[in-house]
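This report concerns only the one structure given below.
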Amino acid sequence: MTKAKKVLSLVLAVVMVAAMFAFSASAATQNATFTVSVDNATVSQNDVITVTVNLTTDYYAGPTNVPVYYNPAVFEFVAGSVTGAKIFGEGATDVQSYNDAVTGCLKVAFIPNTAGTAAAKLLNGTLFTFQLKAIADGTSDIGLKAEDQKTATNIGGTLYCGAYTSSAIDNNPATVGQTFAITNTSATVGATAAPELQLSETGAANGAVIDRVSTCNDGVGFVYGIATHEGEMISDYLTTPAGSIQVVANDQGNESTGTLIQLLDDGGNVVETYIFVLFGDVNGDGAIDSTDVTDIESVAMYLNTDNYADDGTAWSIAADTNGDSSIDSTDVTDVEGVAMYTVSTTQAEFAAAFVSGKGI
């Protein structure tokens with residue numbers, strides 16, 4: 001071990017010892033917020049990004065130690081790039097850091113080195129910055145881990161921000177173990193993936209279908225084969241390599257026929273909308289019952305000709321269980337069998353029949 005590392009290890013040990021004081025009941029009323037951000041979330045190999053860690057406390061901050069993690073397979077720490085705030089005053093704050101390149105963890109410690117130095121409540125100021133260099137394509141989470149926080153039950157925790165009872169520093173922090181709120185970030189090296197609605201492993205294994213072919217009046221396609229009336233969740237069956245998925249309940253507040261599935265980009269903008277169909281539930285109330293049988297039957301018998309099977313609406317697909325573009329006695333029989341518990345056709349089976357009938 002080099003002399004510098006020995007000195008740093010000793011300093012960090014001193015900081016940890018200084019923070020191991022009584023955990024008073026008042027700690028629960030003290031709060032600190034750590035926010036980690038980057039100046040560029042999408043870069044190319046060999047680019048350098050700056051990571052900023054901000055800190056807000058509603059108490060007088062004491063000795064502080066912050067481990068920040070990153071993926072060492074994607075980024076490498078730029079030696080000598082740590083710049084720390086003088087939270088105990090200019091000339092009165094030691095800022096020490098150590099980077100573990102194997103695990104991808106940078107630890108930065110702040111220690112008051114002058115008795116009587118004034119402590120302060122921190123108001124979302126920059127605690128420290130450092131730089132990472134992109135070395136390989138991929139995405140890296142960058143941030144703190146809540147499980148690292150030093151508490152009464154985790155005395156060995158390496159994430160802490162001690163508290164003084166006032167601005168006067170007497171080298172005896174009053175408490176350790178305050179409530180921490182943590183906001184982390186990430187950065188991607190190389191081309192970013194585009195949002196695309198895809199089946200998750202669960203969706204693929206259970207016969208869900210994303211239909212981008214059938215005419216859709218209210219979106220770019222439909223999703224079938226998920227038994228929401230039996231407790232299955234749409235969100236468990238779908239995924240996207242980028243962005244996110246938002247499920248918006250139908251006008252009856254259900255995850256059933258008419259539910260919107262919105263594909264969002266990284267900025268939260270809707271880029272595509274799909275409509276969910278629960279085969280047999282033509283009125284979207286979340287159940288397959290006699291009401292649906294009556295509705296389908298009225299169309300099949302030409303008692304209600306306001307709607308028909310191939311008009312691009314979710315309800316008509318829910319009624320056309322075999323995908324032959326016609327609502328007829330076959331569909332009535334299918335749905336009646338489910339409603340009356342005389343057949344056990346699954347949503348995946350209905351979806352397969354519909355896809356086959358439509359030639360998708």
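- Closest of all the heavy-atom pairs between Ala136 and Ala73 is CB-O, 3.3 Å.
- The backbone N or O of Phe222 lies less than 3.5 Å from no partner atom in the side chain of Asp211, so there is not a single donor-acceptor pair.
- Proximity of a side-chain donor or acceptor of Thr228 to a complementary backbone N or O of Glu255 within less than 3.5 Å is detected.
- Here the side chain of Thr259 pairs a donor or acceptor atom with the backbone of Asn254 at under 3.5 angstrom.
- The two residues Ala163 and Gln178 have their closest heavy-atom pair at CB-NE2, 3.2 Å.
- Of the possible polar contacts, none joining the Thr126 side chain to the Phe128 backbone as a donor-acceptor pair under 3.5 Å is found.
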Would you mind writing out the side-chain donor-acceptor pairs for residues 280-293 within the sub-3.5 Å range, not counting sequence neighbours?
unit_1: Asp281; atom_1: OD1; unit_2: Gly284; atom_2: N; d: 3.1
unit_1: Asp281; atom_1: OD1; unit_2: Asp285; atom_2: N; d: 3.3
unit_1: Asp281; atom_1: OD2; unit_2: Ser256; atom_2: OG; d: 2.4
unit_1: Asp281; atom_1: OD2; unit_2: Asp285; atom_2: N; d: 3.3
unit_1: Asp281; atom_1: OD2; unit_2: Gly286; atom_2: N; d: 2.9
unit_1: Asn283; atom_1: OD1; unit_2: Asp285; atom_2: N; d: 3.2
unit_1: Asp285; atom_1: OD1; unit_2: Ala287; atom_2: N; d: 3.0
unit_1: Asp289; atom_1: OD1; unit_2: Thr291; atom_2: N; d: 3.2
unit_1: Asp292; atom_1: OD1; unit_2: Val282; atom_2: N; d: 3.1
unit_1: Asp292; atom_1: OD1; unit_2: Asn283; atom_2: N; d: 3.4
unit_1: Asp292; atom_1: OD2; unit_2: Asp289; atom_2: N; d: 3.1

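- Pairing each heavy atom of Gly84 with each of Val95, the nearest pair is CA-CG1, 4.1 Å.
- Between Leu197 and Tyr274 there is a side-chain heavy-atom pair separated by less than 4.5 Å.
- Using a 4.5 Å cut-off on side-chain heavy atoms (C-beta onward), Phe276 and Asn250 make no contact.
- The only member of Asn184, Asp148, Asp100 that meets side chain to side chain donor-acceptor pair (under 3.5 Å) when paired with Tyr69 is Asp148.
- No side-chain heavy atom of Phe110 sits under 4.5 Å from any side-chain heavy atom of Leu55.
- Within the 4.5 Å cutoff, the side chain of Phe130 has heavy atoms near those of the Val68 side chain.
- With hydrogens and angles disregarded, a donor-acceptor distance shorter than 3.5 Å links the side chain of Asp47 to the backbone of Ser44.
- The minimum heavy-atom distance linking Tyr70 with Ala101 is given by the pair OH-CA, 4.2 Å.
- With sequence neighbours excluded, no residue forms a side chain to side chain donor-acceptor pair (under 3.5 Å) with Gln252.
- Taking the ring centroids of Phe279 and Tyr224, they lie under the 6.0 Å cut-off.
- Side-chain contacts under 4.5 Å among hydrophobic residues (ILVMFWY), followed directly or transitively, place Val48 together with Val78.
- Hydrophobic clustering (ILVMFWY, side-chain heavy atoms < 4.5 Å, transitive): Leu199 and Tyr237 are in one cluster.
- Looking at residues two or more places apart in sequence or on another chain, you find no side chain to side chain donor-acceptor pair (under 3.5 Å) involving Thr342.
- Evaluation of the ring pair (Phe, Tyr, Trp, His ring centres under 6.0 Å) rule for Phe34 yields Phe180 as partners, not counting sequence neighbours.
- Counting heavy atoms from C-beta on, the side chains of Lys145 and Leu159 never come closer than 4.5 Å.
- The two residues Ile226 and Leu278 make their nearest non-hydrogen contact at O-CD1, 3.6 Å.
- Within the 3.5 Å criterion, the main-chain N or O of Ile49 finds no donor-acceptor partner in the side chain of Asn40.
- In terms of modelled atom types and a separation under 3.5 Å, the side chain of Thr93 and the main chain of Phe88 share a donor-acceptor contact.
- Looking at Tyr164 and Pro63, their side chains come closer than 4.5 Å, going by heavy atoms from C-beta outward.
- Within a 6.0 Å radius of CD in Glu147, more than 12 heavy atoms belonging to other residues, nucleotides or ligands are found.
- Looking at Gln45 and Asp137, their side chains do bring a donor and an acceptor atom within 3.5 Å of each other.
- Nearest heavy atom pair, residue Val36 against residue Gly143, reads CG2-CA, 4.1 Å.
- Because its NZ or CZ atom is both nearer than 6.0 Å to the ring centre of Tyr60 and within 45° of the ring axis, Lys121 counts as a cation-pi partner of that residue.
- Residues Ile275 and Ile261 fail the side-chain proximity criterion, which asks for heavy atoms closer than 4.5 Å.
- Membership of an apolar cluster is not assigned to Met340, as no side-chain contact below 4.5 Å to another ILVMFWY residue is traced.
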Discussion item. One pair to check against side-chain contact (heavy atoms from CB on, under 4.5 Å): Asn322 and Asp320. What are the steps and the verdict?
Written reply: CA-CA 6 Å; Asn322 60 6; Asp320 182 20; 3.0 Å; yes
